[in-house]
There are 2 protein chains.
Amino acid sequence: MSNVFKALSDPTRRRVLELLRQKSMTAGELAEHFEFSKPTMSAHFAVLKVAGLVEAEKQGKQVIYRLKMSVLEDALFGFAKTFGLSVQPEKETKS
Amino acid sequence: MSNVFKALSDPTRRRVLELLRQKSMTAGELAEHFEFSKPTMSAHFAVLKVAGLVEAEKQGKQVIYRLKMSVLEDALFGFAKTFGLSVQPEKETKS
DNA sequence: TAGATTATTAGCTAATTAACTAATTGTTGT
DNA sequence: ACAACAATTAGTTAATTAGCTAATAATCTA
């Protein structure tokens with residue numbers, strides 16, 4: 001739980017999660033969206049991985065990162081429940 | 001937003017919020033629930049205050065802390081929305 | 001006014017964080 | 001085998017964090 005909130009406490013990492021929500025991406029592809037050095041971004045990815053919020057799959061020389069939505073959901077849910085709040089998938093909006 | 005998640009990333013502070021959810025309390029009353037020194041607890045309160053999650057009211061020599069539930073709710077909501085999740089007050093359970 | 005009480009501030013330490021550059025690892029293509 | 005590429009690790013730095021004790025501030029009460 002602490003690891004999840006720690007991970008979410010940095011805006012860069014929150015943005016990474018948002019990007020991954022759109023689609024899974026390689027480390028390099030993700031890094032292109034930011035001005036930080038690649039090693040710095042790699043460290044951010046590691047924090048997200050420790051928190052369980054993303055998973056990494058090596059494909060050739062690249063590493064594909066995927067958002068683990070259920071972990072994010074469960075973490076928010078578990079915390080929110082303590083405060084009498086519920087977290088649920090939003091109702092669909094018409095496209 | 002970062003300040004809120006930063007505040008929530010520490011288990012002691014999360015516990016403080018839970019306690020305040022039951023009822024508002026003075027700094028000393030809160031501190032009794034923990035083994036840390038009072039200055040350490042005071043620092044935790046300050047972090048929560050900066051995040052806007054609690055408010056402090058001085059009453060005589062004591063300081064009463066109150067949970068600002070709406071701030072917590074809005075922060076979770078704002079974040080969750082980005083990921084297609086909704087946060088709402090839970091349905092009442094029968095007492 | 002002096003003492004007791006409540007809480008915070010000051011000042012310290014050890015550990016962690018977020019950033020960088022340089023070096024390394026692992027994989028692909030020639 | 002070697003060069004190029006993708007990503008991470010190593011090593012450094014400055015800033016922040018979470019804990020402590022001691023000191024201070026503010027308020028009450030005898």
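Throughout, a chain's letter reflects where its sequence line sits, starting with A, and its residues are numbered from 1.
Evaluation of the salt bridge (Lys or Arg N to Asp or Glu O under 4.0 Å) test over residues 26-37 of chain A, restricted to residues two or more places apart or in two chains, returns A:K23-A:E29.
Listed by chain and number, the residues in a salt bridge (Lys or Arg N to Asp or Glu O under 4.0 Å) with B:R21 amount to none (sequence neighbours excluded). In this structure A:S2 satisfies the side-chain hydrogen bond (donor to acceptor under 3.5 Å, both in side chains) test together with B:R14, sequence neighbours excluded. Partners of A:K81 according to the side chain to side chain contact (heavy atoms under 4.5 Å, CB included) rule, which considers only residues two or more places apart in sequence or in another chain, are A:F77, B:E90.
A:K58 contributes atom NZ, which lies 13.0 Å from atom OG1 of A:T26 (distance to the nearest 0.5 angstrom). Annotation: the span from A:Y65 atom OH to A:E55 atom CD amounts to 11.5 Å, rounded to 0.5 Å. Here the OG atom belonging to A:S24 is positioned 9.0 Å from the CG atom belonging to A:L30, to the nearest 0.5 angstrom.
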Side-chain polar contacts of residues 66-73 of chain A - donor-acceptor pairs under 3.5 angstrom, sequence neighbours left out - could you list them?
unit_1 : atom_1 : unit_2 : atom_2 : d
A:R66  : NH1    : A:E57  : OE1    : 3.1
A:R66  : NH2    : A:E57  : OE1    : 2.9

Check: residues 38-50 of chain A side-chain donor-acceptor pairs under 3.5 Å, at least two apart:
unit_1 : atom_1 : unit_2 : atom_2 : d
A:T40  : OG1    : A:S37  : OG     : 3.0
A:H44  : ND1    : A:R13  : NH1    : 3.1

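Judged purely by atom type and a 3.5 angstrom limit, B:T82 uses its side chain to pair as donor or acceptor with the backbone of B:G78.
Rotation axes derived from the C1' atoms of the five outermost pairs at either end of the helix from C:dT1-D:dA30 to C:dT30-D:dA1 lie 10° apart, to the nearest 10°.
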Please lay out, stage by stage, how B:F5 and A:D10 fare under the test side chain to side chain contact (heavy atoms under 4.5 Å, CB included). CA-CA 8 Å; B:F5 284 124; A:D10 184 285; over 6 Å; no
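Of the residues in residues 57-66 of chain A, those lying under 4.0 Å from DNA chain D by heavy-atom distance are A:K61, A:Q62, A:V63, A:Y65. Across residues 6-18 of chain B, not one residue has a non-hydrogen atom less than 4.0 Å from an atom of DNA chain C. Against DNA chain D, the stretch residues 25-47 of chain B makes heavy-atom approaches under 4.0 Å through B:F36, B:S37, B:P39, B:T40, B:H44.
When side chains are defined from C-beta on, B:F83 counts as touching A:L17, because their heavy atoms get closer than 4.5 Å. In this structure, the side chains of B:L53 and B:L8 come closer than 4.5 Å at one or more pairs of heavy atoms. Residues B:M25 and B:L19 form a side-chain contact, since some pair of their non-hydrogen atoms from C-beta on lies under 4.5 Å apart. Inter-residue side-chain proximity for B:F34 and B:R15 is flagged as met; some heavy-atom pair is nearer than 4.5 Å.
On the nucleic acid side, DNA chain D contacts chain B at distances under 4.0 Å to non-hydrogen atoms, with the end points of that region at D:dT17 to D:dC28.
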